[in-house]
Amino acid sequence: MRCTASIHRACDTERFMVRVRFAPSPTGYLHIGSARTFIFNWLFARRQQGTMILRIDDTDVERNTQASLDSIYDGLNWLGLGWDEFYRQSDRFDLYTKAAWEVFEKDHAYRDFTPMNAAPEEPASQGGWLCNAGMRELSREESDRRAAAGEPFVLRFRVPRDPVREVAFKDLVYGEQSKSTADIEDFALLRSSGAPTYHHASCVDDFDLKISHIVRGQDHLSNTFKHILLFEALGAPAPEFAHLPLLIAPDGAKLSKRKHGPVVAVMTYRDAGFLPQAYVNFLCLLGWNPKDDREKMSIEELTAAFSFEGVNRSNAVVNFTEEDPIDPKAQWLNSQHLYAMSHDELAALLQPVFEKAGYAASAEKTRAVTPLIQERIKTLNDAPAVADFFFLDQLVPYDAAELIPQKGDAEMAVKVLRHARGVLETAEFTHAGLEGALRTAATELGVKAGQMFQPIRVAVCGRKNAPPLFETLEVVGREACLKRIDQAVELVGR
RNA sequence: GUCCCCAUCGUCUAGCCCGGCCUAGGACACCGCCCUUUCACGGCGAUAACGCGGGUUCGAAUCCCGCUGGGGACGCCA
């Protein structure tokens, strides 16, 4: 790491090394809010030339599943950003246990023998729950005796309230934060099973892994005071904190699978034909902005522009409805990334999409079709419907009325089509050749260009809206064009 | 209930920290026009917001207080 003279502190590499982590718990698929948290961590790490760590917070053995872990990997892999180091908390339980008992020995924690299902005298929902009656004051002798007798307990952190004091820190996004220990409850470190809780394992790991910045959702903002107390008890310097505003649904509620369905899953967007870089771009713009007018940004541009100064403090709504589950802005951004791709790159992505739709899409054919549809699709999945006539042997049936030109009739359609057929039999099958021949033909017939082109377009494409005519004819090929025109003549002539 | 956080167009946001350049800027979506062989792309334009009430000030979207609204935390979940 670079050490400049302007830094007056000792040039301590470890001290300045940025290390961030994304710590999902494998209890579901990758949520878009989690994905955004991952992205912001990643961007910050790259920007600071730091280290991105993926840590699986699987301390709750009951709720973790392999399927969930797999789907989180799938989501992360699709995003394509990667990470530098990997840890799994279930591999590190010894570390947490040892740390917990050290905290206990320093009298910053105590055994709480309250039975797991005991109804609290004063439910937390009524306010003011700080600890279970009597447990905090248990003598060490009695505590040891009851433990030795095999009575189950949870190891609970002793929040310093004698005297009460303020816990404060400066959040990189939310600014100065403080809270009285009179409002912080004694949280658990170890469960009665001996397994660590999230708060404990997380802090021990953040210390052990030398995490420099904790970047996470704002739902952890009030937990941070507990964590700071724990870091103190652990003898660990607290890292920097940056909390991110939450992603919420149009109804104002936190996004949830149960209530909002697949829109909360990252994979939904892959399956909808999104480009990962476009989706990353979209997620970044939810709660962050580059302080200029840019919207469509590449990963490199995002990395170069990222800072916590640009992060908002208010929650962002993901705009979707039941009819249209995709945020329109996400779609637009996706189209912008799509239009910016090279034909070769796009064609490579489109080929499997065509194949999946059942088209015989060779690499060459797909490459020829790609420039014609690039600006006509918003997602990769739009492509088959837009390009069907390039691949289908038999056009999807259409109404004969479509063949009739503006201010014309069936007779004109037949006339135009018959004439066009003759022209196409001999014309040079290139954009220029076709355009010249067909424009001349229109003049000869005494019809407007549009009246000439539209019946041909419908005959060849099976619909009125299609890519530019001459390039389209060229790609479809002479043989297929003639065949389709014959069929059209028959259709409209009946 | 207790504590914490937030509040600019329908949505994402700029502006707020360092009051005046804000008759509040950009983008998406919607509508209209232009370009054009259709569609699309692109261009142009229109509609649309400082939650409310008090202060402070010559002057407030910007500072202060209150209210209201929304979100979060309060688990042997993370």
Side-chain angles (χ1 to χ4, degrees), chain A residues 23-27 57-60 62-64 112 114-117 122-130 152-156 171 174-175 177-180 182-185 187-199 201-202 216-226 243 245-246 248 250 252-254 282 285-289 291-296 312-320 324 327-333 335 339 372-378 386 405-406 435 438-439 442 448-454 456-458 461 463-470:
Chain A
S25 71
T27 54
D57 279 13
D58 54 351
T59 53
D60 187 355
E62 304 285 302
R63 298 175 19 150
N64 301 322
D112 180 347
T114 309
M116 194 178 333
N117 297 319
E122 208 162 292
S125 62
Q126 293 304 301
W129 182 88
L130 290 175
F153 61 87
V154 349
L155 194 68
R156 210 174 271 288
D171 190 271
Y174 286 89
Q177 303 292 316
S178 79
K179 189 170 187 168
S180 164
D183 295 317
I184 303 174
E185 62 285 354
F187 55 97
L189 263 26
L190 296 182
R191 308 163 212 244
S192 52
S193 66
T197 62
Y198 155 75
H199 295 299
S202 180
R216 53 170 30 162
Q218 188 240 54
D219 49 344
H220 284 296
L221 195 55
S222 40
N223 285 331
T224 304
F225 302 101
K226 294 174 195 162
H243 287 89
L246 268 21
I248 58 176
K254 199 174 170 181
F282 169 66
L285 260 21
L286 253 22
W288 173 84
N289 76 84
K291 297 291 175 192
D292 56 40
D293 280 349
R294 285 178 296 169
E295 304 245 48
K296 187 238 152 197
N312 276 117
R313 279 170 290 277
S314 49
N315 295 166
V317 172
V318 179
N319 202 9
F320 63 86
D324 188 7
D327 189 312
K329 188 120 184 189
Q331 250 195 15
W332 174 77
L333 268 172
S335 72
Y339 304 160
L372 298 183
I373 65 167
Q374 184 163 26
E375 286 177 343
R376 268 159 269 264
I377 58 175
K378 289 196 186 306
V386 172
Q406 278 282 304
E435 176 156 18
L438 258 14
R439 283 197 189 277
K448 289 187 175 173
Q451 291 175 312
M452 180 84 201
F453 301 156
Q454 199 60 3
I456 301 174
R457 184 196 318 284
V458 174
C461 303
R463 73 177 92 94
K464 284 179 168 172
N465 301 338
L469 187 61
F470 312 116

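These numbers come from the heavy atoms of this one structure, side chains and all, not from hydrogens, waters or symmetry mates. Throughout, a chain's letter reflects where its sequence line sits, starting with A, and its residues are numbered from 1.
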Which nucleotide in [options] has an atom nearest any side-chain atom of [X]:
X: A/Asn319; options: B/rC76, B/rU11, B/rG72; result: B/rU11
X: A/Lys254; options: B/rA78, B/rG26, B/rA73; result: B/rA73
X: A/Val317; options: B/rG15, B/rU11, B/rC76; result: B/rU11
X: A/Thr59; options: B/rU37, B/rA78, B/rC39; result: B/rA78
X: A/Arg439; options: B/rA27, B/rU38, B/rU37; result: B/rU37
X: A/Leu246; options: B/rG71, B/rC76, B/rG26; result: B/rG71

All N/O contacts under 3.5 Å from nucleotides 4-6 of chain B to the protein, with atom names and distances to one decimal?
unit_1	atom_1	unit_2	atom_2	d
B/rC5	O2'	A/Gln218	NE2	3.4

Mark yes or no for whether A/Asp57, through its side chain, and A/Ser202, through its backbone, hold a donor-acceptor pair below 3.5 Å.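 Looks like no, no N/O pair under 3.5 Å.
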
Run A/Arg216 and A/Thr224 through side chain to side chain donor-acceptor pair (under 3.5 Å) and show every step you take. CA-CA 11 Å; A/Arg216 53 170 30 162; A/Thr224 304; 3.1 Å; yes

Using the [atom1] atom in both, what is the distance from [N] to [M], to the nearest Å?
N: B/rA49; M: B/rC5; atom1: C1'; answer: 23 Å
N: B/rU37; M: B/rC30; atom1: C1'; answer: 28 Å
N: B/rC21; M: B/rG59; atom1: C1'; answer: 14 Å
N: B/rC12; M: B/rC22; atom1: P; answer: 25 Å
N: B/rC18; M: B/rU2; atom1: P; answer: 33 Å
N: B/rA46; M: B/rC63; atom1: C1'; answer: 36 Å
N: B/rA14; M: B/rG51; atom1: P; answer: 14 Å

Every protein N/O lying under 3.5 Å from an N/O of nucleotides 29-35 of chain B:
none

Stepwise side chain to side chain donor-acceptor pair (under 3.5 Å) test for A/Asp112 and A/Thr114: CA-CA 6 Å; A/Asp112 180 347; A/Thr114 309; 2.5 Å; yes

Closest-nucleotide 5' rank along RNA chain B - winner of A/Tyr339 and A/Val318: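 Its nucleotide being nearer the 5' end, the pick is A/Val318.
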
How would nucleotides 61-69 of chain B be written as a contact map, 5' to 3', with B for base contact, S for sugar-phosphate-only contact and - for no contact, using protein heavy atoms under 4.0 Å? ---------

Name the nucleic acid region contacted by A/Pro245, choosing base, sugar-phosphate or nothing; use a 4.0 angstrom heavy-atom cut-off, strictly under.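 Counting heavy atoms under 4.0 Å across all strands, no contact is made by A/Pro245.
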
